[in-house]
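What you see is a predicted model; the values in this text were computed from it and never measured. Here is the naming used below: chain letters follow the sequence lines, and residue numbers restart at 1 for every chain.
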Protein chains: 2
Amino acid sequence: MTKSEQTRSLIVDTALRLFAERGYDKTTMRAIATEAGLSVGNAYYYFGSKEHLIQGFYDRIQELHFAACAEILATETDFETRMRRMLLAWVDIAEPYRAFGAQFFRNAADPASPLSPFSVESTEVRNRHIALHSTVLNESTAKVDGELREVLPELMWLYHMTVVLYWVHDRSPHSATTRMLISRTTPLIARLVGLSRLKVFRTITRDGVQLFRDLGWFPSPPKPE
Amino acid sequence: MTKSEQTRSLIVDTALRLFAERGYDKTTMRAIATEAGLSVGNAYYYFGSKEHLIQGFYDRIQELHFAACAEILATETDFETRMRRMLLAWVDIAEPYRAFGAQFFRNAADPASPLSPFSVESTEVRNRHIALHSTVLNESTAKVDGELREVLPELMWLYHMTVVLYWVHDRSPHSATTRMLISRTTPLIARLVGLSRLKVFRTITRDGVQLFRDLGWFPSPPKPE
DNA sequence: GTCTATAGCAAGATAGAC
DNA sequence: GTCTATCTTGCTATAGAC
């Protein structure tokens with residue numbers, strides 16, 4: 001680990017600690033620099049803005065989440081269970097940061113911000129996430145309509161984003177309500193996905209998939225696995 | 001109209017004009033105050049923060065939207081058409097503000113902000129909106145599962161919020177893509193609502209409705225019509 | 001390339017006098 | 001209610017040390 005990487009980590013660690021202690025807004029760049037034993041200028045040398053520190057948070061969460069999923073996805077084959085456990089694992093990991101996570105959620109919601117999950121800058125991390133959802137689906141025993149299957153990972157990612165949206169509003173202890181949301185929506189989704197092959201459903205499924213395609217949700221299309 | 005009310009209006013009018021001219025972020029409180037012929041301190045006497053000025057924008061949009069809907073809802077009876085035209089009317093009205101609307105969307109997304117559509121402070125305006133959706137549904141010819149019917153206006157409101165979320169990301173001229181989203185999702189929704197009475201669907205509908213109820217989406221429950 | 005120190009701007013927000 | 005003066009803080013700029 002080079003000196004530069006050490007400093008970078010030191011800044012992120014200090015920032016995350018202070019964020020957790022006193023919240024995002026009340027943590028000044030001056031305080032982060034002082035606490036880390038650095039100058040403000042140095043902090044800005046590594047991170048273009050206070051917002052950019054949030055990326056450090058994202059990266060950490062994602063890394064931990066992927067590690068947690070590896071175990072789950074290696075053993076479980078049922079689609080619904082895979083999806084549910086993957087999402088619950090995310091909540092477990094994000095839990096310690098919930099109190100202040102909401103404070104910078106606003107940045108993620110700003111379409112102009114590079115931190116927005118829909119932004120061009122987020123393409124890579126978004127695609128990695130979508131790929132995770134692909135794995136959840138493809139290595140499961142789920143039977144899905146062929147058309148739907150191609151876009152389903154993206155839809156699952158959107159579902160995940162919705163859960164996150166709910167989570168930042170959730171004030172229940174241990175994010176219990178979010179957990180309930182997950183545990184009770186995944187079976188519904190699994191059933192709907194199963195129904196997608198039914199005759200009554202065919203046209204509506206096709207129309208929905210076609211619409212999704214025509215909209216071109218993302219600035220740049222996600223890479224296929 | 002008292003002096004105080006006049007000053008208040010003057011500040012909102014000036015702020016909205018400047019927001020439209022140069023965007024939210026680039027409009028400083030100093031500029032608003034100067035342009036209105038007041039001191040900065042005075043502006044803060046009436047509005048606790050720059051964010052609070054946004055409420056003036058919401059109020060204006062909602063007023064115009066309700067007026068536009070009155071006409072539509074008085075003549076049209078088809079559920080899908082009512083919903084579609086109501087949403088398209090919203091896009092028409094919000095159109096002039098789209099360029100800078102996205103800039104303060106971040107505030108709406110912040111759960112801690114009183115401007116969040118989910119906040120306690122927004123209860124009144126939210127309930128008024130949900131009541132509008134009730135009207136769209138109840139005075140239409142739609143046939144809906146009884147259980148679903150009770151929560152459907154709230155779900156329609158969430159759908160509306162989703163459209164708004166898409167809209168702030170939409171960069172197409174005249175919000176064409178958002179309009180397409182509306183025109184093509186309303187038929188899908190109308191069909192799904194119709195299917196809700198089907199036998200295959202009953203259990204899944206009931207489960208969904210029950211979940212929605214158990215979650216208690218809002219800090220305070222919406223008033224029944 | 002990595003880092004310090006310091007000075008200073010812009011703009012949101014506040015205090016206290018009147 | 002209104003003002004002026006001031007504070008705070010994100011961020012920038014510069015000059016220089018190693």
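- Nearest nucleotide to the A:Ser39 side chain, out of D:dC3, C:dT4, C:dT2: C:dT4.
- At a threshold of 4.5 Å between non-hydrogen side-chain atoms, the residues A:Glu154 and A:Phe212 count as touching.
- Salt-bridge annotation for B:Glu95 and B:Arg179: present, with a side-chain N of the basic residue lying under 4.0 Å from a carboxylate O of the acidic one.
- OP1 or OP2 of C:dT2 lies within a sub-4.0 Å distance of a side-chain N or O belonging to A:Ser4.
- With hydrogens and angles left out, the side-chain atoms of B:Ser122 and B:Tyr58 include no donor and acceptor closer than 3.5 Å.
- Ring centers of A:Tyr97 and A:Trp167: at least 6.0 Å apart, outside the cut-off.
- Contact annotation: B:Asn42 reaches the phosphate of D:dC3 (side-chain N/O to OP1 or OP2, under 4.0 Å).
- Atoms CZ (A:Phe47) and C1' (C:dT2) sit 14 Å apart, rounded to a whole Å.
- One distance of note links CG of B:Leu115 with OG of B:Ser49; it measures 7.5 Å at 0.5 Å rounding.
- Under 4.0 angstrom from either OP1 or OP2 of D:dT2 there lies at least one side-chain N or O belonging to B:Thr7.
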* Asked: What is the per-nucleotide protein-contact pattern of nucleotides 11-17 of chain C, from the 5' end, where B denotes a base atom under 4.0 Å from a protein heavy atom, S denotes such proximity for sugar-phosphate atoms only, and - denotes neither?
  -> BBBB---
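- In this structure, the ring of B:Trp157 has its center less than 6.0 angstrom from the ring center of B:Phe118.
- Under 4.0 angstrom from either OP1 or OP2 of C:dT4 there lies no side-chain N or O belonging to A:Tyr45.
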